[in-house]
Protein chains: 2
Amino acid sequence: MIVRETETPVTVRTGDRILAAARALLAEGGVERCSMRLVATRAGVTPGAIYRHYRDKDALVDRVVELSFERFEIALLRAIAAQPVGSFARIAAMGDAYIAFAEEHEEEFKVLFNPIVTARKRLADLPGHGGYPILRQCIVEAMDAGTIRSTADPDLVALFLWSRVLGVLTLLMTCDFEGEIAFEGTLDPRGLFEATRDLVVDGLAPR
Amino acid sequence: MIVRETETPVTVRTGDRILAAARALLAEGGVERCSMRLVATRAGVTPGAIYRHYRDKDALVDRVVELSFERFEIALLRAIAAQPVGSFARIAAMGDAYIAFAEEHEEEFKVLFNPIVTARKRLADLPGHGGYPILRQCIVEAMDAGTIRSTADPDLVALFLWSRVLGVLTLLMTCDFEGEIAFEGTLDPRGLFEATRDLVVDGLAPR
DNA sequence: ACACATAGTAAACACTGTTTACAGGACAGG
DNA sequence: CCTGTCCTGTAAACAGTGTTTACTATGTGT
């Protein structure tokens, strides 16, 4: 059994070129325009060569998504860094960063949280656990500071907030409320997210 | 110009047979197993015949989705009928019905709110406007009854609640929190939805 | 220099949605 | 009756997809 110690640089480059091509094509025209032949052509290679570096298309797309999550975690950390620990602004900043990320990398985001295209992924397998620990910690800090009520389970609050952002994005990506709603202001994810923030803080019940 | 008055019954039947086949295949194996050739075979017809009744695959799937929405509206009306007007239970029942519908018709639901597979659809074009008017009316009634605070825009509350249910479903369909969260009880959409209901009612702020 | 594992290629395979040319039947009018 | 038109369904092809196979260089280790 012979084991090669030195990886030839040209190989590393092609593997990365394929990944870069896939990332670019995905961002440009979505997953439907991201065919193996197009990826191969852009990477300056034939389709078959891709399979020397990735098991199949799913594995390639998964790798692209993984890279997105890494950059997402960085964006998340940047967003909360500017806000004081324990403040609600810190939690709100995470939501804003989430929406900003989804809008900047729209096609990748569509793939990320798509029950058809992507298989159900374990959060623990994602880089940075999908940013969940950061969110959870901010919530615990806010509870300790008395910013939000500490009677609830922090995990429940985290899932509640996460599902809320995801829901706003999914709803507005799939449904057009034109002519259905008389809502002043633009009905984009950020607008709806900010406009409903008070409801989250104060609740639906009359005070 | 000759105009045919009587539609031959066999034609009507094939059109419906195609639709029924598509509906069944979609429910069984999702959109990826719902190929035109399979639909044709199950309907006892050749693939080309489908195009006499539907412009393309999107039109066929859209019709299936439309049928789903019709049954969804019925389920929605049934759910609220048992609850008193103006009560919060009436609003909660809608959320439960939403989740029940998503779980019973999982594959159809995945297609319905999928930004990649389905094109962005105008709510006004859907049968029953996607059930939105019903939700909105329940919220207005609850505001009048003093069940929920009436300082907010009912449309905002409606979108808030809708996005919340959709978010819970999307999040749990795409992410597996196994080993990440120490949450007693099963982490399914219904469980998470009910467990976080108090947060929606009372808000995150300490009382 | 020989052996061998690897990287990439060209071509095929099995599938997809869709279009085309064509055949059979049903109905209207002469 | 026959003729002509319209409609419905068929068979076959077209262009595209992801993937596999057989093969050829290439470069490395012994």
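By convention in this document, chain letters (A, B, ...) are assigned in the order of the sequence lines, proteins followed by strands, and residues within each chain are numbered from 1.
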Counting only side-chain heavy atoms from C-beta out, which of C/dG17, D/dT10, D/dT19 sits nearest to B/Tyr51? C/dG17
Rounding to an integer number of Å, can you tell me how far A/Ile50 CD1 sits from D/dT20 P? 13 Å
CZ (A/Arg71) and CD (A/Glu66) are apart, to the nearest 0.5 Å, by 13.0 Å
Nucleotide of D/dT19, C/dA7, C/dG17 approaching A/Met36 most closely (side-chain heavy atoms): D/dT19
Audit row: A/Asp96, A/Arg197, salt bridge (Lys or Arg N to Asp or Glu O under 4.0 Å) steps and yes/no: CA-CA 11 Å; A/Asp96 292 336; A/Arg197 183 165 288 157; 3.2 Å; yes
OP1 or OP2 of C/dT16 versus the side-chain N and O atoms of B/Ser35: is any pair under 4.0 Å? yes
Quick one: B/His53 NE2 to D/dG9 C1', roughly how many Å, whole number? 8 Å
Decide whether B/Arg164 and B/Thr196 meet the rule of one side-chain donor and one side-chain acceptor closer than 3.5 Å. yes
Any salt bridge linking B/Arg136 with A/Glu180? Criterion: basic side-chain nitrogen under 4.0 Å from a carboxylate oxygen. no
Name the closest nucleotide to the B/Thr46 side chain, picking from D/dA11, C/dT9, C/dA21. D/dA11
Hey, which of these two, A/Arg52 or A/Val31, hits DNA chain D nearer its 5' end, going by closest nucleotide? A/Val31
Separation of C/dG8 atom P from A/Arg13 atom CZ, nearest Å, is 10 Å
Counting distance alone, no hydrogens or angles: does the base of C/dG17 have a donor or acceptor under 3.5 Å from a partner atom on the side chain of B/Arg37? yes
For the pair made of CG in B/Asp56 and C1' in C/dG17, what is the distance, rounded to whole Å? 9 Å
Can you find a side-chain donor-acceptor pair between A/Tyr98 and A/Trp162 that sits under 3.5 Å? yes
So, is B/Thr14 close to the D/dG9 phosphate, meaning a side-chain N or O under 4.0 Å from OP1 or OP2? yes
Report the distance from atom CG of B/Asp58 to atom P of C/dT16, rounded to the nearest whole Å. 16 Å
Take the protein atom OH of B/Tyr54 and the nucleotide atom C1' of C/dT18, then report the distance between them rounded to whole Å. 17 Å
If I take atom NZ in residue A/Lys57 and atom P in nucleotide C/dT16, what distance separates them, rounded to the nearest angstrom? 16 Å
Check the distance between D/dT17's P and A/Leu25's CG and give it to me in whole angstrom. 11 Å
